[in-house]
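Everything on this sheet refers to the single structure shown next.
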Amino acid sequence: MTQTDKIITRFAPSPSGELHLGHAYSARLNYDFAKEHGGQFILRIEDIDLGRCKKDYETLIFDDLKWLALKWETPVRRQSEHFDDYRQALKKLDDMGLLYPCFCTRKNIREEIEDSSRAPHLKPKLGPEGLIYPGICKDLSDDERAGKLAKGIPHAMRIDMDKALSLAEVPLYWTDLKKGAQKADPAILGDVVLARKDFPTSYHLSVVVDDHIQKISHVIRGEDLFYASHFHRLLQHLLKLDTPFYHHHELLKSKDGTRLAKRDMSVTIRSIRESGIRPEELDDLIKGYL
Ligand code: GLU
């Protein structure tokens, strides 16, 4: 594990909706941590999903963060401009024999799961983020797989977790600022998708590649991504990428206890600034949601 001396943090929103108070909290934690340690704060635009991400939302992100009085390094890295970096990383894993094409649609995964009495080994396991992919396409014969590829059936690429773990020098660890040394349980999310059907990467792959390229020393993000970090640690090991320190912060919650989402328009940063609240008042507002 290598960690640079220089403190570099990042805020990495997806321009697929408006930022809300929870994003403001996360961005500020990253910014304040960098500034307290004489480090750098980076803004990264995570826009690999070209169908869902919009330029208008990106513009709004810049406006919101300026209103929050944050300053970031330039140029800003947009993931959509770096697909080649992710392709290269994907190829490395493929060359190691760790990927398999997955032709499943959501519908046929559901059907297989419902029918799991027919094939008990496909009985789904429940992971921390829902059902774990039951490995349907991992079990295809070479001929079946080649036939589907020849027909041009759209496919994602999944990691073969069993193979990856047999190759990795486990156990792997990372340092979590709040929880201390963490032993990674990379299989916790199952055979994760590393390249989606419609673009040559996924959140998980791009984020570890970028954190390495941008020399991020501390990844400060919501605790909803704690399980992702278990898997990211394995990707870093397989791809020989640096492992940053992590801090998984609390998520802001609505009055009913559910976590804030991009669709809650009342807590978007835009609506807050349009209501006349001043950025200095934000900390008190945030406290009400913690
Ligand atoms: N782009 C992710 C999001 O908007 C954040 C990813 C991360 O911080 O690792 O939720």
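Counting starts at 1 for both ligands and their atoms, following the listed order.
Here is the list of ligand 1 atoms found below 4.0 Å of a heavy atom in Glu46: 1 (N), 2 (C), 5 (C), 6 (C). Close approach of ligand 1 to Tyr203 is summarised as follows: ligand atoms under 4.0 Å from at least one heavy atom of the residue are 6 (C), 7 (C), 9 (O). Close approach of ligand 1 to Ser14 (heavy-atom distance below 4.0 Å) involves ligand atoms 1 (N), 4 (O). Those atoms of ligand 1 that come under 4.0 Å of a heavy atom in Val207, given as number and element, are 9 (O).
Considering backbone and side-chain N/O atoms, Pro13 never comes within less than 3.5 Å of an N/O atom of ligand 1. Checked by distance only, ligand 1 and Arg221 come closer than 3.5 Å through their nitrogen or oxygen atoms.
Looking only at side-chain heavy atoms (C-beta outward), His204 and Leu194 come within less than 4.5 Å of each other.
Checked against a 6.0 Å centroid threshold, the rings of His249 and Tyr25 count as neighbours. Taking the ring centroids of Trp174 and His232, they lie at or beyond the 6.0 Å cut-off.
Scored by the side chain to side chain donor-acceptor pair (under 3.5 Å) test, Glu169 finds no partners at all (sequence neighbours excluded).
Contacts with ligand 1 closer than 4.0 Å are made by no heavy atom of Val219, backbone or side chain.
For Arg10, the closest heavy-atom approach to ligand 1 falls below 4.0 Å.
Ring orientation note: the planes of Trp72 and Phe62 are close to parallel, at an angle under 30° on the 30°/60° scale.
Phe103 belongs to a hydrophobic cluster with Leu140, Leu149, Ile153, counting contacts under 4.5 Å between side-chain heavy atoms of Ile, Leu, Val, Met, Phe, Trp and Tyr, direct or through other members.
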